[in-house]
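A quick note: this is a predicted structure, and the numbers were derived from the prediction, not measured. Residue indices begin at 1 and follow the sequence shown. In listed order, ligands and their atoms are each counted from 1.
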Amino acid sequence: MHRLQVVLASRPTGEPKEADFRLVESAVPEPGEGQLLVGNLWLSLDPYMRMRMNAGRSYAKPVELGEVMVGGAVGEVLSSRHAAFAKGDHVVGPLGWQTHAISDGSGLRRVEAKTIPLRAYLGAAGMPGVTAHFGLLEIGAPKEGETVVVSAAAGAVGSVVGQIAKLRGCRAIGIAGGPAKCSLVVGELGFDACVDYRAADFEQQLAAATPQGIDVYFENVGGRVLDRVLLRMNDFGRIPLCGQISQYSATEPYGLTNVGALLVHRIKLQGFIVSDHAEQWPAALTELEHWIGAGRIKMLETIAEGLGKAPRAFIGMLRGENIGKQLVKLA
Ligand SMILES: NC(=O)c1ccc[n+]([C@@H]2O[C@H](COP(=O)([O-])OP(=O)(O)OC[C@H]3O[C@@H](n4cnc5c(N)ncnc54)[C@H](OP(=O)(O)O)[C@@H]3O)[C@@H](O)[C@H]2O)c1
């Protein structure tokens, strides 16, 4: 049996290409004392990985050339010399773009496929779900009856944000790319409306969908969408700044023109990184698992098959080819 790994072959300029990744094969390693060997079952592909492909300062250190791409995965413990994990356990954590991972247990959490499937621990019952829960409820702090707008609304984080907003009695408006995604956001996920940011009449659509203005804007994309949304924010509105995906591969940054709205409307805009808030995870995960198990939060997924397809699926996710959580099935 061999191990497959995807390593960073070159640092992209602009959009990543498949040639920026390399698939390598080696023997499956044995765990040392205090370590465990995990056979990865599902790999999560996430926008933050694009930033880790760059050199330079960010909130986490870059992946070095030749290093295995970072990533969350769910797997099964194949052998263990670690006191806290046994063969047969299922775990989720930073196991990387590879079929087999050696871990010292750091960042690993045991999970069970009792009420929800294992792969959900990479989506709505995992990091993206907690991001939605924490960003919306702690920073956005929506009140019943308020209007919550979320961009990348058909994606892993955005789809959960709008559904939690509905559970809290808010009006939930999505922003997504194209009419097909928008009808899914409304028809399948139960948002009140969804606006297509690629349409020529985006601004008119946004105004029609938010007649009372916007109280909370859950920001995932940056650029022109953020600039236009700023003009519809209500006084004392809140903006949890979760992501800026339109800028991750941009070779020239978008120059915002409506930042003055933050002052005029006394808006709170707060960036956050979900991994800083470890204390929030257990309660958020319990609530999310409950909602998913009870069918109150629906999960959308796009699944690629096999580690070799990961680079292509990742590039596609950055372009918006995914619906919901982008996963790679490894076994
Ligand atoms: N702060 C944190 O701790 C944290 C944690 C997790 C995720 N995030 C951020 O949350 C955001 C969503 O992540 P996700 O995992 O849920 O990914 P996702 O939404 O499942 O996938 C990315 C989506 O971004 C949209 N997109 C791509 N380019 C765009 C552009 N130029 N303008 C507008 N939309 C664009 C695409 O949807 P369309 O087809 O609609 O364009 C695409 O499907 C990302 O910005 C990510 O970095 C932050």
Below the 3.5 angstrom mark, is there an N/O of [X], backbone or side chain, next to an N/O of ligand 1?
{"X": "Arg319", "answer": "no"}
{"X": "Tyr248", "answer": "yes"}
{"X": "Cys242", "answer": "yes"}
{"X": "Asn322", "answer": "yes"}

What is the closest protein heavy atom to [atom], and at what distance does it sit?
{"atom": "atom 37 (O) of ligand 1", "answer": "Lys181 NZ, 3.4 Å"}
{"atom": "atom 3 (O) of ligand 1", "answer": "Val274 N, 2.7 Å"}
{"atom": "atom 13 (O) of ligand 1", "answer": "Pro47 CG, 3.5 Å"}
{"atom": "atom 6 (C) of ligand 1", "answer": "Met127 SD, 3.5 Å"}
{"atom": "atom 19 (O) of ligand 1", "answer": "Gly155 CA, 3.2 Å"}
{"atom": "atom 26 (N) of ligand 1", "answer": "Ile245 CG2, 3.6 Å"}
{"atom": "atom 5 (C) of ligand 1", "answer": "Thr131 OG1, 3.3 Å"}
{"atom": "atom 7 (C) of ligand 1", "answer": "Val157 CG2, 3.8 Å"}

Using a strict 4.0 Å threshold on nitrogen-to-oxygen distance, state whether [X] and [Y] make a salt bridge.
{"X": "Glu146", "Y": "Arg171", "answer": "no"}
{"X": "Lys325", "Y": "Asp46", "answer": "yes"}
{"X": "Glu64", "Y": "Arg11", "answer": "yes"}
{"X": "Arg312", "Y": "Glu321", "answer": "yes"}

Given Val150, Leu226, Ile173, the one that forms side-chain contact (heavy atoms from CB on, under 4.5 Å) with Tyr217: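 In the set Val150, Leu226, Ile173, the residue that makes a side-chain contact (heavy atoms from CB on, under 4.5 Å) with Tyr217 is Leu226.
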Salt bridge (Lys or Arg N to Asp or Glu O under 4.0 Å) between Asp20 and Lys17, worked out: CA-CA 5 Å; Asp20 294 324; Lys17 309 173 295 300; 3.3 Å; yes
Where on [X] is there a heavy atom closer than 4.0 Å to ligand 1, on the side chain, on the backbone, on both, or on neither?
{"X": "Arg198", "answer": "side chain"}
{"X": "Asn220", "answer": "both"}
{"X": "Val225", "answer": "neither"}

Those atoms of ligand 1 less than 4.0 Å from some heavy atom in Phe272: 1 (N), 2 (C), 3 (O)
Where ligand 1 meets Gln244 - atom numbers and elements under 4.0 angstrom, heavy-atom basis: 45 (O)
Who's closest to [atom] heavy-atom-wise, of [options]?
{"atom": "atom 40 (O) of ligand 1", "options": "Gly178, Ala153, Gly177, Gly222", "answer": "Gly177"}
{"atom": "atom 28 (N) of ligand 1", "options": "Leu241, Asp196, Leu318", "answer": "Leu318"}
{"atom": "atom 33 (C) of ligand 1", "options": "Tyr254, Tyr197, Phe218", "answer": "Tyr197"}

Row check, Phe236 ring normal vs Arg266 NZ/CZ: under 6.0 Å, within 45°: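 Yes, Arg266 lies over the aromatic ring of Phe236.
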Exam field: side chain Ser151 to backbone Glu219, donor-acceptor pair closer than 3.5 Å: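 Here the side-chain-to-backbone pair does not exist.
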Verdict with supporting geometry, Lys166 and Asp192, salt bridge (Lys or Arg N to Asp or Glu O under 4.0 Å): CA-CA 9 Å; Lys166 288 304 294 176; Asp192 295 284; 2.9 Å; yes
Mutual orientation of the aromatic rings belonging to Trp291 and His133 [parallel < 30°, tilted 30-60°, perpendicular > 60°]: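 It falls in the tilted class, 30° to 60°.
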